[in-house]
Amino acid sequence: MLILGIESSCDDTSVAIVEDGRKVLSNIVASQDEYHRRFGGVVPEIAARKHLEHILPTIHHAMDLAGTHWQDIDAVAVTHRPGLVGSLIVGLTAAKSLALTFQKPLIGIHHLEAHAYASCFAGMAYGTPHIALVASGGHSSLLNIQAGEMLMIGRTVDDAAGEAFDKIAKFMGLGYPGGPIIDRLAAEGNSEIKRFPRPMINHDNFNFSFSGLKTAVIYYLNAHPDTPPRDVAAAFQEAVVDVLITKTIRAARKFKMNTVSVVGGVAANSGLRQECLRRCLNHDIQVFIPDIQYCTDNAAMVAGLGYQKMLQNDLSGMSLEVFPQAGLQIIST
Ligand code: KG4
Ligand code: ZN
(Lines give C-alpha, C1' and ligand atoms only; values in the text may rest on other atoms or scores of the structure.)
(Ligands and ions follow the chains in the order given, each with its own letter.)
Protein backbone atom coordinates (compact mmCIF):
# COMPACT_ATOMS: atom_id res chain seq x y z
CA MET A 1 0.00 0.00 0.00
CA LEU A 2 1.35 3.43 -0.94
CA ILE A 3 0.59 6.44 1.24
CA LEU A 4 1.44 10.01 0.36
CA GLY A 5 2.21 12.00 3.52
CA ILE A 6 2.25 15.77 3.97
CA GLU A 7 3.84 17.60 6.91
CA SER A 8 3.65 21.39 7.29
CA SER A 9 2.99 21.98 10.99
CA CYS A 10 5.92 24.29 11.63
CA ASP A 11 8.55 25.57 9.21
CA ASP A 12 9.43 22.51 7.10
CA THR A 13 7.36 21.62 4.05
CA SER A 14 7.68 17.89 3.60
CA VAL A 15 6.09 15.30 1.34
CA ALA A 16 6.84 11.57 1.35
CA ILE A 17 5.70 8.39 -0.34
CA VAL A 18 5.92 5.35 1.93
CA GLU A 19 5.10 1.75 1.07
CA ASP A 20 3.44 -0.44 3.71
CA GLY A 21 4.38 1.90 6.53
CA ARG A 22 8.10 1.18 6.43
CA LYS A 23 9.65 1.48 2.99
CA VAL A 24 10.38 5.13 2.32
CA LEU A 25 10.31 5.69 -1.45
CA SER A 26 10.80 9.44 -1.12
CA ASN A 27 10.91 11.94 1.73
CA ILE A 28 11.45 15.50 0.51
CA VAL A 29 11.94 18.29 3.03
CA ALA A 30 11.94 21.92 1.88
CA SER A 31 13.60 23.75 4.76
CA GLN A 32 12.79 27.37 5.55
CA ASP A 33 15.75 27.93 7.86
CA GLU A 34 17.25 30.64 5.66
CA TYR A 35 14.09 32.77 5.93
CA HIS A 36 13.79 32.51 9.72
CA ARG A 37 17.53 32.72 10.50
CA ARG A 38 17.69 36.49 10.85
CA PHE A 39 14.90 36.38 13.45
CA GLY A 40 16.50 33.54 15.45
CA GLY A 41 13.21 31.59 15.50
CA VAL A 42 10.22 30.63 13.38
CA VAL A 43 8.05 33.58 12.28
CA PRO A 44 4.54 32.11 11.75
CA GLU A 45 3.52 34.53 8.97
CA ILE A 46 6.68 33.81 6.96
CA ALA A 47 6.28 30.07 7.56
CA ALA A 48 2.74 30.02 6.12
CA ARG A 49 3.75 32.03 3.05
CA LYS A 50 6.76 29.83 2.34
CA HIS A 51 4.69 26.64 2.72
CA LEU A 52 2.41 28.04 0.05
CA GLU A 53 5.38 28.50 -2.29
CA HIS A 54 6.95 25.13 -1.50
CA ILE A 55 4.01 22.76 -1.26
CA LEU A 56 3.31 22.01 -4.94
CA PRO A 57 6.95 21.66 -6.06
CA THR A 58 7.58 19.42 -3.02
CA ILE A 59 4.62 17.16 -3.93
CA HIS A 60 5.89 16.86 -7.52
CA HIS A 61 9.42 16.21 -6.34
CA ALA A 62 8.32 13.43 -3.96
CA MET A 63 6.14 11.78 -6.63
CA ASP A 64 8.92 11.96 -9.23
CA LEU A 65 11.57 10.57 -6.93
CA ALA A 66 9.34 7.67 -5.90
CA GLY A 67 8.45 7.09 -9.56
CA THR A 68 4.79 6.91 -8.56
CA HIS A 69 1.62 7.72 -10.49
CA TRP A 70 -1.47 9.10 -8.84
CA GLN A 71 -3.49 5.98 -9.55
CA ASP A 72 -0.97 3.98 -7.44
CA ILE A 73 -1.44 6.11 -4.31
CA ASP A 74 -3.86 4.49 -1.84
CA ALA A 75 -4.42 7.40 0.56
CA VAL A 76 -3.26 10.88 1.52
CA ALA A 77 -2.16 11.41 5.14
CA VAL A 78 -1.64 14.90 6.51
CA THR A 79 -0.64 16.50 9.81
CA HIS A 80 -3.61 18.49 11.08
CA ARG A 81 -2.57 19.11 14.72
CA PRO A 82 -0.85 20.51 16.70
CA GLY A 83 1.12 23.30 15.08
CA LEU A 84 1.01 26.79 13.62
CA VAL A 85 -2.45 27.28 12.19
CA GLY A 86 -1.35 29.11 9.04
CA SER A 87 1.23 26.39 8.34
CA LEU A 88 -1.15 23.49 9.01
CA ILE A 89 -3.82 24.97 6.74
CA VAL A 90 -1.50 24.92 3.72
CA GLY A 91 -0.74 21.22 4.13
CA LEU A 92 -4.32 20.28 4.88
CA THR A 93 -5.70 22.22 1.91
CA ALA A 94 -3.20 20.56 -0.42
CA ALA A 95 -4.08 17.14 1.01
CA LYS A 96 -7.81 17.70 0.63
CA SER A 97 -7.34 18.90 -2.96
CA LEU A 98 -5.36 15.77 -3.84
CA ALA A 99 -7.82 13.47 -2.07
CA LEU A 100 -10.77 15.07 -3.85
CA THR A 101 -9.15 15.25 -7.27
CA PHE A 102 -7.86 11.68 -7.30
CA GLN A 103 -10.65 10.22 -5.15
CA LYS A 104 -8.38 8.94 -2.39
CA PRO A 105 -9.10 8.53 1.33
CA LEU A 106 -7.87 11.36 3.58
CA ILE A 107 -6.20 10.59 6.91
CA GLY A 108 -5.63 13.27 9.56
CA ILE A 109 -2.45 12.74 11.55
CA HIS A 110 -1.42 13.99 15.00
CA HIS A 111 2.08 15.47 14.74
CA LEU A 112 3.29 14.05 18.07
CA GLU A 113 1.96 10.58 17.27
CA ALA A 114 3.78 10.81 13.92
CA HIS A 115 7.04 11.75 15.69
CA ALA A 116 6.57 8.73 17.97
CA TYR A 117 5.84 6.53 14.92
CA ALA A 118 9.30 7.44 13.55
CA SER A 119 10.76 4.92 16.02
CA CYS A 120 9.24 2.22 13.76
CA PHE A 121 11.81 3.29 11.14
CA ALA A 122 14.41 2.38 13.79
CA GLY A 123 12.96 -1.10 14.23
CA MET A 124 10.26 -0.71 16.88
CA ALA A 125 7.18 -2.82 16.17
CA TYR A 126 4.10 -0.65 15.71
CA GLY A 127 1.88 -0.93 18.76
CA THR A 128 4.71 -1.62 21.22
CA PRO A 129 3.70 -0.05 24.54
CA HIS A 130 6.32 2.56 25.31
CA ILE A 131 7.22 5.96 26.67
CA ALA A 132 8.01 8.45 23.91
CA LEU A 133 10.08 11.53 24.56
CA VAL A 134 9.20 14.06 21.86
CA ALA A 135 11.72 16.91 22.07
CA SER A 136 11.70 19.52 19.33
CA GLY A 137 11.57 23.25 18.73
CA GLY A 138 7.90 23.32 19.63
CA HIS A 139 7.46 20.42 22.05
CA SER A 140 9.04 18.67 24.99
CA SER A 141 6.53 16.00 25.85
CA LEU A 142 6.51 12.62 27.48
CA LEU A 143 3.85 10.35 26.03
CA ASN A 144 2.57 7.07 27.35
CA ILE A 145 1.59 5.06 24.28
CA GLN A 146 -0.22 1.76 24.56
CA ALA A 147 -3.17 -0.09 23.10
CA GLY A 148 -3.77 2.55 20.46
CA GLU A 149 -4.04 5.24 23.10
CA MET A 150 -1.66 8.15 23.57
CA LEU A 151 -1.63 9.96 26.93
CA MET A 152 0.45 13.00 27.72
CA ILE A 153 2.16 12.42 31.04
CA GLY A 154 4.42 15.48 30.94
CA ARG A 155 5.22 18.56 28.90
CA THR A 156 7.20 21.73 29.12
CA VAL A 157 5.80 24.46 31.29
CA ASP A 158 7.73 27.13 29.38
CA ASP A 159 10.35 26.73 26.59
CA ALA A 160 10.64 23.53 24.59
CA ALA A 161 14.07 21.86 24.65
CA GLY A 162 14.86 22.83 21.04
CA GLU A 163 13.71 26.36 21.73
CA ALA A 164 16.23 26.55 24.58
CA PHE A 165 19.01 25.40 22.22
CA ASP A 166 17.91 28.00 19.65
CA LYS A 167 17.69 30.84 22.19
CA ILE A 168 21.07 30.12 23.78
CA ALA A 169 22.67 29.93 20.33
CA LYS A 170 21.03 33.24 19.43
CA PHE A 171 22.33 34.85 22.65
CA MET A 172 25.82 33.54 21.90
CA GLY A 173 25.59 34.81 18.32
CA LEU A 174 26.12 31.33 16.90
CA GLY A 175 23.36 31.17 14.27
CA TYR A 176 20.09 29.38 13.63
CA PRO A 177 18.86 26.72 14.19
CA GLY A 178 20.94 26.57 17.33
CA GLY A 179 20.63 22.85 18.18
CA PRO A 180 23.02 21.45 15.58
CA ILE A 181 25.55 24.26 16.16
CA ILE A 182 25.61 23.76 19.94
CA ASP A 183 25.80 20.00 19.38
CA ARG A 184 28.93 20.40 17.23
CA LEU A 185 30.59 22.85 19.65
CA ALA A 186 29.70 20.75 22.70
CA ALA A 187 31.52 17.75 21.23
CA GLU A 188 34.81 19.70 21.59
CA GLY A 189 33.97 21.45 24.85
CA ASN A 190 34.57 20.80 28.54
CA SER A 191 31.32 20.67 30.47
CA GLU A 192 33.11 20.87 33.81
CA ILE A 193 33.47 24.66 33.67
CA LYS A 194 30.08 24.97 35.35
CA ARG A 195 27.30 22.68 36.54
CA PHE A 196 24.18 24.42 35.28
CA PRO A 197 20.85 23.80 37.05
CA ARG A 198 18.72 20.81 36.02
CA PRO A 199 15.25 22.38 36.32
CA MET A 200 12.50 20.15 37.79
CA ILE A 201 14.73 17.08 37.61
CA ASN A 202 13.66 15.91 41.05
CA HIS A 203 10.04 17.00 40.85
CA ASP A 204 7.46 14.34 41.35
CA ASN A 205 5.95 14.84 37.90
CA PHE A 206 7.06 14.49 34.27
CA ASN A 207 6.94 18.13 33.23
CA PHE A 208 9.95 20.04 31.96
CA SER A 209 11.12 23.62 32.28
CA PHE A 210 14.04 25.10 30.36
CA SER A 211 13.55 28.80 30.80
CA GLY A 212 15.44 28.96 34.14
CA LEU A 213 18.36 27.03 32.67
CA LYS A 214 18.45 29.48 29.77
CA THR A 215 18.58 32.39 32.23
CA ALA A 216 21.35 30.69 34.23
CA VAL A 217 23.46 30.29 31.08
CA ILE A 218 22.88 33.93 30.10
CA TYR A 219 23.89 35.14 33.60
CA TYR A 220 26.99 32.96 33.45
CA LEU A 221 27.97 34.31 30.06
CA ASN A 222 27.46 37.89 31.22
CA ALA A 223 29.69 37.25 34.25
CA HIS A 224 32.31 35.21 32.35
CA PRO A 225 32.33 36.61 28.81
CA ASP A 226 35.71 35.06 27.98
CA THR A 227 34.63 31.47 28.52
CA PRO A 228 35.16 29.49 25.32
CA PRO A 229 31.74 29.00 23.64
CA ARG A 230 32.40 25.28 23.25
CA ASP A 231 32.65 24.85 27.04
CA VAL A 232 29.41 26.76 27.64
CA ALA A 233 27.74 24.69 24.90
CA ALA A 234 28.96 21.45 26.50
CA ALA A 235 27.79 22.40 30.01
CA PHE A 236 24.41 23.64 28.75
CA GLN A 237 23.82 20.57 26.59
CA GLU A 238 24.78 18.26 29.44
CA ALA A 239 22.13 19.86 31.66
CA VAL A 240 19.37 19.54 29.02
CA VAL A 241 20.31 15.95 28.23
CA ASP A 242 20.43 14.98 31.90
CA VAL A 243 16.93 16.33 32.57
CA LEU A 244 15.40 14.77 29.45
CA ILE A 245 16.85 11.32 30.06
CA THR A 246 16.34 11.24 33.82
CA LYS A 247 12.65 12.01 33.45
CA THR A 248 12.15 9.62 30.53
CA ILE A 249 13.70 6.73 32.45
CA ARG A 250 11.71 7.61 35.57
CA ALA A 251 8.51 7.61 33.49
CA ALA A 252 9.36 4.19 32.07
CA ARG A 253 9.89 2.88 35.60
CA LYS A 254 6.70 4.44 36.94
CA PHE A 255 4.53 3.08 34.11
CA LYS A 256 6.34 -0.28 34.06
CA MET A 257 7.45 0.04 30.46
CA ASN A 258 10.71 -1.47 29.27
CA THR A 259 10.76 0.39 25.96
CA VAL A 260 11.29 4.08 25.23
CA SER A 261 11.66 6.12 22.07
CA VAL A 262 13.43 9.44 21.68
CA VAL A 263 12.14 11.48 18.75
CA GLY A 264 11.74 15.05 17.49
CA GLY A 265 14.42 17.46 16.28
CA VAL A 266 16.38 17.40 19.55
CA ALA A 267 16.71 13.60 19.22
CA ALA A 268 19.26 14.47 16.51
CA ASN A 269 21.55 15.64 19.33
CA SER A 270 24.61 13.40 19.53
CA GLY A 271 25.01 13.88 23.30
CA LEU A 272 21.36 12.94 23.89
CA ARG A 273 21.62 9.89 21.61
CA GLN A 274 24.79 8.55 23.25
CA GLU A 275 23.76 9.24 26.81
CA CYS A 276 20.29 7.83 26.30
CA LEU A 277 21.63 4.56 24.90
CA ARG A 278 24.10 4.29 27.78
CA ARG A 279 21.67 5.05 30.59
CA CYS A 280 18.80 3.00 29.18
CA LEU A 281 21.14 0.03 28.86
CA ASN A 282 22.05 0.45 32.53
CA HIS A 283 18.36 0.36 33.42
CA ASP A 284 17.57 -2.58 31.14
CA ILE A 285 15.34 -0.41 28.98
CA GLN A 286 15.22 -0.87 25.23
CA VAL A 287 15.54 2.43 23.40
CA PHE A 288 14.69 3.35 19.82
CA ILE A 289 16.09 6.54 18.30
CA PRO A 290 15.40 7.08 14.58
CA ASP A 291 17.93 8.24 11.99
CA ILE A 292 18.30 12.01 12.11
CA GLN A 293 16.23 12.53 8.93
CA TYR A 294 13.27 10.93 10.77
CA CYS A 295 13.88 12.85 14.02
CA THR A 296 13.43 16.34 12.58
CA ASP A 297 10.09 17.18 10.94
CA ASN A 298 9.45 14.93 7.96
CA ALA A 299 6.51 13.51 6.05
CA ALA A 300 7.74 9.90 6.06
CA MET A 301 6.57 9.58 9.68
CA VAL A 302 3.18 11.01 8.62
CA ALA A 303 2.80 8.58 5.71
CA GLY A 304 4.02 5.67 7.86
CA LEU A 305 1.46 6.33 10.57
CA GLY A 306 -1.13 6.94 7.83
CA TYR A 307 -0.63 3.35 6.71
CA GLN A 308 -1.45 2.07 10.19
CA LYS A 309 -4.58 4.28 10.33
CA MET A 310 -5.57 2.97 6.91
CA LEU A 311 -5.30 -0.63 8.17
CA GLN A 312 -7.53 0.33 11.11
CA ASN A 313 -9.94 2.11 8.74
CA ASP A 314 -9.37 5.23 10.84
CA LEU A 315 -10.08 7.71 8.04
CA SER A 316 -11.03 11.39 8.14
CA GLY A 317 -13.72 13.11 6.13
CA MET A 318 -13.41 16.27 4.07
CA SER A 319 -14.53 18.21 7.16
CA LEU A 320 -11.11 17.59 8.77
CA GLU A 321 -9.88 20.78 10.46
CA VAL A 322 -6.60 22.10 11.83
CA PHE A 323 -6.00 22.64 15.54
CA PRO A 324 -3.08 24.49 17.15
CA GLN A 325 -3.31 22.48 20.39
CA ALA A 326 -2.24 18.87 20.94
CA GLY A 327 -5.69 18.05 22.35
CA LEU A 328 -4.33 15.02 24.21
CA GLN A 329 -5.66 13.67 27.42
CA ILE A 330 -3.23 14.81 30.09
CA ILE A 331 -2.69 12.63 33.09
CA SER A 332 -1.01 14.31 36.00
CA THR A 333 1.13 12.03 38.07
O1 KG4 B 1 11.23 18.48 15.09
P2 KG4 B 1 11.80 19.73 14.50
O3 KG4 B 1 12.46 19.63 13.15
O4 KG4 B 1 10.72 20.87 14.36
C5 KG4 B 1 9.79 21.17 15.35
O6 KG4 B 1 8.71 20.52 15.38
O7 KG4 B 1 10.14 22.04 16.17
O8 KG4 B 1 12.82 20.31 15.58
C9 KG4 B 1 13.60 21.46 15.36
C10 KG4 B 1 14.35 21.74 16.64
C11 KG4 B 1 15.11 23.06 16.62
O12 KG4 B 1 14.88 23.74 17.84
C13 KG4 B 1 16.56 22.63 16.51
O14 KG4 B 1 17.49 23.52 17.11
C15 KG4 B 1 16.54 21.30 17.23
O16 KG4 B 1 15.32 20.71 16.87
N17 KG4 B 1 17.66 20.45 16.83
C18 KG4 B 1 18.63 20.06 17.66
C19 KG4 B 1 19.56 19.34 16.88
N20 KG4 B 1 19.10 19.29 15.59
C21 KG4 B 1 17.93 19.98 15.58
N22 KG4 B 1 18.80 20.28 18.97
C23 KG4 B 1 19.90 19.77 19.55
N24 KG4 B 1 20.85 19.09 18.87
C25 KG4 B 1 20.72 18.84 17.54
N26 KG4 B 1 21.66 18.15 16.89
ZN1 ZN C 1 7.98 18.25 15.07
Side-chain angles (χ1 to χ4, degrees), residues 5-14 16 27 29-33 36-37 39-44 47 51 78-84 87-88 91 109-119 132-141 143 155-156 159-172 174-189 208 210 213-214 233-234 236-245 261-276 289-302 305 324 326:
I6 298 181
E7 161 61 44
S8 71
S9 64
C10 190
D11 62 335
D12 290 312
T13 318
S14 181
N27 181 37
V29 182
S31 164
Q32 301 183 3
D33 285 351
H36 300 285
R37 186 162 287 135
F39 304 102
V42 176
V43 182
H51 279 306
V78 60
T79 303
H80 76 118
R81 78 184 310 170
L84 301 170
S87 294
L88 288 165
I109 295 290
H110 193 291
H111 183 70
L112 298 184
E113 193 179 357
H115 268 305
Y117 179 85
S119 47
L133 168 68
V134 185
S136 71
H139 308 277
S140 296
S141 306
L143 306 173
R155 59 184 166 170
T156 180
D159 291 350
E163 197 178 351
F165 272 95
D166 294 338
K167 286 180 175 171
I168 291 297
K170 184 177 179 185
F171 185 80
M172 293 171 75
L174 297 174
Y176 175 83
I181 304 171
I182 292 196
D183 191 357
R184 273 196 302 276
L185 275 177
E188 301 156 8
F208 298 104
F210 293 106
L213 169 60
K214 183 186 67 189
F236 162 72
Q237 181 172 297
E238 190 181 271
V240 176
V241 165
D242 191 15
V243 176
L244 290 174
I245 301 178
S261 68
V262 182
V263 294
V266 179
N269 186 269
S270 48
L272 179 63
R273 296 172 84 91
Q274 279 162 22
E275 207 38 29
C276 200
I289 313 177
D291 280 353
I292 289 175
Q293 58 176 325
Y294 303 128
C295 287
T296 48
D297 282 350
N298 69 91
M301 65 187 189
V302 175
L305 180 58

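Order of appearance sets the numbers: ligands from 1, and atoms from 1 within every ligand.
Coordination check, His115 versus the Zn ion (ligand 2): passed, since an N/O/S atom of the residue sits under 2.8 Å. Residue His111 counts as close to the Zn ion (ligand 2), with an N, O or S atom under 2.8 Å.
A donor-acceptor pair is defined here as one N or O able to donate and one able to accept, closer than 3.5 Å; such a pair exists between the side chain of His110 and the backbone of Leu112.
Phe236 has its ring centre less than 6.0 Å from the ring centre of Phe165.
Residue contacts with ligand 1, taken as heavy atom pairs separated by less than 4.0 Å, involve Asp166 solely via side-chain atoms from C-beta onward. Only the side chain of Asp183 comes within 4.0 Å of ligand 1, counting heavy atoms alone; its backbone N, CA, C and O stay farther away.
Residue contacts with ligand 1: Pro177 is placed with no nitrogen or oxygen under 3.5 Å of a nitrogen or oxygen of the ligand (distance criterion only).
Between Gly189 and Ala234 the shortest heavy-atom distance is C-CB, 3.8 Å. Residues Ile245 and Cys276 share a closest heavy-atom pair of CD1-N, 3.4 Å.
Evaluated by nearest non-hydrogen atom to atom 10 (C) of ligand 1, the leading choice among Gly162, Gly137, Gly271 is Gly137. Here the shortest heavy-atom distance to atom 21 (C) of ligand 1, taken over Gly179, Gly265, Ala268, belongs to Gly265. Of the candidates Asp159, Asn269, Val29, the one placing a heavy atom closest to atom 24 (N) of ligand 1 is Asn269.
The CD atom of Glu163 lies 10.5 Å from the NE2 atom of His139; values are rounded to the nearest 0.5 Å. Separation of atoms CD (Glu275) and CD (Glu238) is listed at 8.0 Å; rounding is to 0.5 Å.
Each of the atoms 7 (O) of ligand 1 lies under 4.0 Å from some heavy atom of Gly138.
Closest approach between the Zn ion (ligand 2) and any N/O/S atom of Asp297 involves OD1.
For atom 5 (C) of ligand 1, the closest non-hydrogen atom on the protein side is Asp297 OD2, 3.4 Å.
Between Phe208 and Phe210, the ring planes are parallel. Angles under 30° get that label, and only those over 60° would be called perpendicular.
A heavy-atom separation below 4.0 Å is found between His115 and ligand 1.
A 4.5 Å side-chain heavy-atom check between Ser140 and Val134 finds every atom pair outside the cut-off.
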